[in-house]
A.B. asks: 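Below you will find the structure I want to go over with you.
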Amino acid sequence: MPNSDQVNNASAEHNVRPSLAIVVPCYNEQEVLPEAFLALEKVMASMLAANKISTASRLYFVDDGSQDKTWNILQDKAEADTQVVAIKLSRNKGHQNALYAGLCAATEDIVVSIDADLQDGPENIEAMVDEYAKGHDVVYGVRSERKTDTFFKRFTAEGYYHLMRKMGVDLVFNHADFRLMSRKALDAFKEYPEANLFLRGIVREVGFSSSTVEYERQERFAGESKYPLRKMLSFAWEGVSSFSTVPLRAITVMGFVAGLLSLAMIFWVLGVRVFTDSAIPGWASVLLPLLFIGSVQLMCLGILGEYMAKIYAEVKRRPKYHVDKVRGDD
Ligand code: UDP
Ligand code: MG
């Protein structure tokens, strides 16, 4: 059933001068914050001057349990500047959760998420707001090239996007978490109650009219990457395991293939045993049960996997649909 909020939003959507929230997750970012304030304020001021956003726009910084001076800096900033909201999480919860916290706190008409380290170029936010004005509800920031990445990072990252596609997970190529969402898209997004957050996958699930803005990813302004290889691998697996049951289906397929192969082997073993005298005593009686039980076990695991895939889909309690527009119902 289309809920009344969504219908009301549909008529009020895409305001001419929307209020904008920029959400920035920060973990041990004391070196970059002063520069991030300047850059984000600059892009805000330029959009305000061009009448693209309303004066009710805000910057949300989420301190994800930093151990350095991040919170002190954010707190001072929020006290000095009414445009800035600082949120402190109880402990380090990870980039995706910190970003989610910021998105939930924002009340504005449109929300842009961006990293604190200025790698995504805050000046691109203006182009995103322009895309929103054209009628899109989601605007993805897409890296046009990866000049600043090492060969290893580029190779693994691009390979990952291809692998996810093969597993039936819809991801925008070379898009991370730099994106704009309208209030309508954000409200739909918040209906996803899952605990394992892989935001870029959820946003694709939500749907709605979308567009992209291409940009060149810069070097980190200061400090170090908060995503070492270990966290990157675990994040990559999070994406696969939160969005795809292909690995479970693979067990079923493997079980059937092993079953067929072992059937062929069973005939061969019987043939050797019955028609020749090259079989060592005990050979057939050991090999036959081994092949049979092995393939039966794999098939059973596959069947269990199929039911697990169903349970997995059920426990996510994802919304079944979102209404984009309703016409002729006033
Ligand atoms: N971040 C966070 N919590 C974490 C790790 C990272 O809030 O546990 C933030 C970090 O401050 C930054 C963004 O997530 O604003 C992206 O992190 P980073 O730039 O280190 O990742 P990379 O660009 O190297 O992939
Ligand atoms: Mg970064």
Side-chain angles (χ1 to χ4, degrees), residues 21-40 43 59-75 77 84-106 111-125 140-161 171-179 195-200 203 215-239:
I22 300 181
V23 175
V24 191
C26 311
Y27 178 56
N28 294 341
E29 298 286 12
Q30 61 182 16
E31 294 96 346
V32 304
L33 280 178
E35 195 65 25
F37 293 151
L38 289 179
L40 292 170
V43 66
L59 294 169
Y60 290 82
F61 291 91
V62 183
D63 172 19
D64 184 18
S66 303
Q67 286 101 29
D68 66 358
K69 297 217 165 56
T70 297
W71 176 244
N72 303 12
I73 300 173
L74 290 180
Q75 199 177 14
K77 181 73 184 163
V84 173
V85 180
I87 298 162
K88 182 177 164 64
L89 299 190
S90 58
R91 47 163 284 216
N92 181 242
K93 288 287 191 177
H95 174 220
Q96 300 285 291
N97 290 309
L99 182 51
Y100 188 77
L103 293 176
C104 290
V111 183
V112 170
S113 48
I114 188 167
D115 290 350
D117 57 11
L118 305 175
Q119 282 190 286
D120 299 320
E123 65 282 358
N124 296 297
I125 295 176
Y140 300 99
V142 173
R143 290 171 214 183
S144 55
E145 47 191 316
R146 288 174 167 269
K147 265 198 261 169
T148 58
D149 283 351
T150 59
F151 171 77
F152 177 74
K153 174 124 188 183
R154 190 163 62 219
F155 181 75
T156 48
E158 294 190 347
Y160 182 65
Y161 287 104
L171 284 186
V172 177
F173 197 68
N174 275 342
H175 161 69
D177 280 306
F178 180 35
R179 76 176 82 80
N196 299 300
L197 286 181
F198 186 68
L199 300 180
R200 65 193 73 167
V203 177
Y215 68 99
E216 257 179 61
R217 188 151 152 110
Q218 310 295 321
E219 296 274 10
R220 196 173 226 290
F221 173 73
E224 288 180 351
S225 170
K226 308 299 180 292
Y227 265 103
L229 187 63
R230 179 181 52 80
K231 268 201 203 171
M232 241 163 60
L233 286 175
S234 111
F235 184 59
W237 176 244
E238 185 74 31

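Values in this document were obtained by computation on a predicted structure and should not be read as measured data. Ligands are counted one by one from 1 in listed order, and the atoms in each one are counted from 1 as well.
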A.B. asks: Give the residue and atom name of whichever protein heavy atom lies nearest to atom 3 (N) of ligand 1, and the separation in Å to one decimal.
C.D. replies: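 Answer for atom 3 (N) of ligand 1: Asp64 OD2, 2.5 Å.
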A.B. asks: Which bit of Asp115 gets closer than 4.0 Å to ligand 1, counting heavy atoms only: side chain, backbone, both or neither?
C.D. replies: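 Both backbone and side chain.
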A.B. asks: Validate the cation-pi geometry between Lys77 and Phe37: distance from NZ or CZ to the six-membered ring centre under 6.0 Å, angle to the ring axis within 45°.
C.D. replies: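 Ring-cation test returns yes.
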A.B. asks: Among Leu199, Val23, Val62, whose side-chain contact (heavy atoms from CB on, under 4.5 Å) with Tyr100 holds?
C.D. replies: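 Only match with Tyr100 under side-chain contact (heavy atoms from CB on, under 4.5 Å): Leu199.
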A.B. asks: Just which atoms of ligand 1 are under 4.0 Å from any heavy atom in Pro25?
C.D. replies: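 Close to Pro25: 7 (O), 9 (C), 10 (C), 11 (O), 12 (C), 15 (O).
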A.B. asks: So which of the N, O or S atoms of Asp117 lies nearest the Mg ion (ligand 2)?
C.D. replies: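 In Asp117, the N, O or S atom with the shortest distance to the Mg ion (ligand 2) is OD2.
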A.B. asks: Taking 4.0 angstrom as the limit and counting only heavy atoms of Cys26, give me the atoms of ligand 1 inside it, by number and element.
C.D. replies: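 Once the distances to Cys26 are compared, the set is 7 (O), 11 (O).
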A.B. asks: Nearest protein heavy atom to atom 21 (O) of ligand 1, by residue and atom, and its distance?
C.D. replies: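 Of every protein heavy atom, Tyr227 CD1, 3.3 Å lies nearest to atom 21 (O) of ligand 1.
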A.B. asks: Please list the nearest protein heavy atom to atom 14 (O) of ligand 1 with its residue and the distance rounded to 0.1 Å.
C.D. replies: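 The protein heavy atom lying closest is His95 CD2, 3.1 Å.
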A.B. asks: Applying a heavy-atom cut-off of 4.0 Å, say which part of Val24 lies close to ligand 1: side chain, backbone, both or neither.
C.D. replies: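 Neither part.
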A.B. asks: Do Asp177 and Gln96 have a side chain donor and acceptor closer than 3.5 Å?
C.D. replies: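 A pair is found: one side chain offers a donor N or O, the other an acceptor, under 3.5 Å apart.
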A.B. asks: Of the backbone and side-chain N, O or S atoms of Gln119, does one lie nearer to the Mg ion (ligand 2) than 2.8 Å?
C.D. replies: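 Checking the Mg ion (ligand 2) against Gln119, an N, O or S atom does fall under 2.8 Å.
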A.B. asks: How does Ala116 reach ligand 1, by side chain, by backbone, by both or by neither, if only non-hydrogen atoms under 4.0 Å count?
C.D. replies: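 Near ligand 1, Ala116 shows its backbone as well as its side chain.
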A.B. asks: Taking the side chain as C-beta and beyond, is there a heavy-atom pair between Tyr161 and Asn174 under 4.5 Å?
C.D. replies: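 Yes, at least one pair of side-chain atoms sits under 4.5 Å.
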A.B. asks: Please indicate whether any nitrogen or oxygen in Ala98 is less than 3.5 Å from any nitrogen or oxygen in ligand 1.
C.D. replies: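 Between Ala98 and ligand 1 (N or O atoms, distance only) the closest approach is not under 3.5 Å.
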A.B. asks: Got the closest protein heavy atom to atom 1 (N) of ligand 1, with its distance?
C.D. replies: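 I find the closest protein heavy atom is Tyr27 CB, 3.7 Å.
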A.B. asks: Decide yes or no on side chain to side chain contact (heavy atoms under 4.5 Å, CB included) for Asp115 and Glu29, but give the supporting numbers first.
C.D. replies: CA-CA 10 Å; Asp115 290 350; Glu29 298 286 12; over 6 Å; no
A.B. asks: May I ask you to identify the nearest protein heavy atom to atom 18 (P) of ligand 1, giving residue, atom name and distance to one decimal place in Å?
C.D. replies: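 Residue, atom and distance for the closest contact: Arg220 NH2, 3.5 Å.
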A.B. asks: Under 4.5 Å between any side-chain heavy atoms of Ile125 and Leu40, yes or no?
C.D. replies: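 Counting from C-beta outward, Ile125 and Leu40 do come under 4.5 Å.
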A.B. asks: With a cut-off of 6.0 Å (strictly less than), are more than 12 heavy atoms of other residues, nucleotides or ligands near CZ of Phe155?
C.D. replies: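 No.
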A.B. asks: Got Gln67 and Asn28 here, is their nearest side-chain heavy-atom distance under 4.5 Å?
C.D. replies: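 They are in side-chain contact.
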A.B. asks: For atom 11 (O) of ligand 1, which protein heavy atom lies nearest, and how many Å away is it?
C.D. replies: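 Checking every protein heavy atom, the shortest distance to atom 11 (O) of ligand 1 gives Glu29 OE2, 2.5 Å.
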A.B. asks: Quick one: does Ser66's side chain have a donor or acceptor within less than 3.5 Å of a partner on Asp68's backbone?
C.D. replies: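 Looks like no, no N/O pair under 3.5 Å.
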A.B. asks: At what distance is the nearest protein heavy atom to atom 19 (O) of ligand 1, and which residue and atom is it?
C.D. replies: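 Looking at atom 19 (O) of ligand 1, the protein heavy atom closest to it is Asp117 OD2, 2.5 Å.
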A.B. asks: Go through the steps for Phe178 and Ile114 under the test side chain to side chain contact (heavy atoms under 4.5 Å, CB included), then give the verdict.
C.D. replies: CA-CA 5 Å; Phe178 180 35; Ile114 188 167; 3.7 Å; yes
A.B. asks: Hey, are the side chains of Leu59 and Val24 touching, using non-hydrogen atoms and a 4.5 Å cut-off?
C.D. replies: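 They are not in side-chain contact.
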A.B. asks: Is the closest heavy-atom distance from Lys93 to ligand 1 below 4.0 Å?
C.D. replies: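 In this structure, Lys93 fails to qualify as a contact of ligand 1 - no heavy atom is under 4.0 Å.
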A.B. asks: Given that the side chain starts at C-beta and the backbone is N, CA, C, O, which of these parts of Met232 lies under 4.0 Å from ligand 1, counting heavy atoms, or is it both or neither?
C.D. replies: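 It is neither; nothing of Met232 touches ligand 1.
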A.B. asks: Using a 4.0 Å cut-off to any heavy atom of Arg217, which atoms of ligand 1 qualify?
C.D. replies: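 So the answer, numbered in order with elements, is 22 (P), 23 (O), 25 (O).
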A.B. asks: Taking only heavy atoms of Ser225, which atoms of ligand 1 are found under 4.0 Å from at least one of them?
C.D. replies: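 That gives atoms 20 (O), 21 (O), 22 (P), 24 (O) of ligand 1.
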A.B. asks: Would you say ligand 1 has an N or O under 3.5 Å from any N or O of Glu224?
C.D. replies: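 N/O-N/O distance below 3.5 Å does not exist for this pair.
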A.B. asks: Should we say atom NZ of Lys93 is surrounded by more than 12 heavy atoms from elsewhere, each under 6.0 Å from it?
C.D. replies: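 No, not enclosed.
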A.B. asks: Quick check on side-chain hydrogen bond (donor to acceptor under 3.5 Å, both in side chains): which of Arg217, Arg220, Arg143 does Gln119 satisfy it with?
C.D. replies: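 Of Arg217, Arg220, Arg143, side-chain hydrogen bond (donor to acceptor under 3.5 Å, both in side chains) with Gln119 is met by Arg217 alone.
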A.B. asks: Going by the order shown, which atoms of ligand 1 are within less than 4.0 Å of some heavy atom of Lys226?
C.D. replies: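 Close to Lys226: 5 (C), 6 (C), 18 (P), 20 (O).
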